[in-house]
Amino acid sequence: HVQLVESGGGLGQAGASLRLSCSPSACAFVYSIVGWFRQAPGKEREFVASISVQGTYTAYADSVNGRFTISRDNAKNTVYLQMDSLKPEDTAIYYCAAGSNPSSSPENYYYWGQGTQVTVSS
């Protein structure tokens with residue numbers, strides 16, 4: 001059973017930056033599409049960003065496009081989500097997930113992390 005582990009969450013003020021990291025607990029996910037999702041209290045889990053196996057192609061939700069950057073270092077077996085110009089509405093639990101096809105739908109990802117809390121104050 002592969003478990004993804006997120007780190008880097010925390011508390012920040014509006015306009016600040018945070019960087020999230022995601023690594024698998026076992027094996028490598030160098031052959032996987034990796035996506036970031038988030039879920040705010042009382043809301044459904046929503047797509048944030050995804051990255052292709054080689055990092056050539058990325059996709060972003062409109063709400064974060066231009067502020068967040070997804071990247072990966074396959075040598076370190078780690079995917080990152082750089083979050084700049086944070087807004088209070090970015091407050092959520094952030095999850096990374098691995099899948100085999102590029103998608104913004106959570107149903108297309110089969111390995112998930114436990115999530116890391118990001119809280120942005122105004």
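Residue numbers start at 1 and run along the sequence shown.
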Under the side chain to side chain donor-acceptor pair (under 3.5 Å) criterion, do S23 and T78 qualify, and how do the steps go?
CA-CA 5 Å; S23 296; T78 301; 2.9 Å; yes
Using only heavy-atom distances, determine whether the side chains of N65 and R67 contain a donor-acceptor pair under 3.5 Å.
no
So which heavy atom on V53 is nearest to which on N74, and how close?
O-ND2, 3.1 Å
Spacing of OG belonging to S32 relative to CD1 belonging to I51, to within rounding of 0.5 Å:
12.5 Å
Which heavy atom of Y109 sits nearest to which heavy atom of G35, and what is that distance?
CE2-N, 3.6 Å
Are L18 and L86 side-chain neighbours, meaning at least one heavy-atom pair lies under 4.5 Å?
yes
Listed once per pair and sorted, the ring-ring contact (aromatic ring centres under 6.0 Å, His included) pairs that draw on residues 42-100, sequence neighbours left out:
F37-F47
Under the side chain to side chain contact (heavy atoms under 4.5 Å, CB included) test, which residues partner L4, sequence neighbours left out?
V2, C22, P24, F29, C96, A98, Y111
Side chains of N101 and N108, heavy atoms from C-beta outward: is any pair under 4.5 Å?
no
To the nearest 0.5 Å, how far apart are CZ in R72 and CD1 in I33?
7.0 Å
Same apolar cluster: V5 and V48, side chain cutoff 4.5 Å:
no
Which atom of A14 lies closest to which atom of S122, heavy atoms considered
CB-CA, 4.3 Å
Take V79 and I70 through the test side chain to side chain contact (heavy atoms under 4.5 Å, CB included) and record every step on the way to the result.
CA-CA 7 Å; V79 172; I70 188 171; 4.0 Å; yes
Who pairs with E46 by salt bridge (Lys or Arg N to Asp or Glu O under 4.0 Å), at least two apart in sequence or on another chain?
R38
Check: S17/D84 side-chain N/O donor and acceptor closer than 3.5 Å:
yes
Between E6 (side chain) and G115 (backbone), is there a donor-acceptor pair under 3.5 Å?
yes
Would you say that M83 contacts W36 through its side chain, given a criterion of any heavy-atom pair below 4.5 Å between the two side chains?
no
Hey, are S52 and Q54 close enough side-chain-wise for a donor-acceptor pair under 3.5 Å?
no
Give a yes or no on whether the backbone of V120 and the side-chain of T91 come within a donor-acceptor separation of less than 3.5 Å.
yes
Taking S103 for the side chain and S105 for the main chain, is one N or O donor matched with an acceptor at less than 3.5 Å?
yes
What's the separation between atom OG1 in T116 and atom CG in L20, rounded to the nearest 0.5 Å?
6.0 Å
Might you point out which heavy atoms bring L81 and A49 nearest each other, and give the distance in Å?
CD1-CB, 4.3 Å
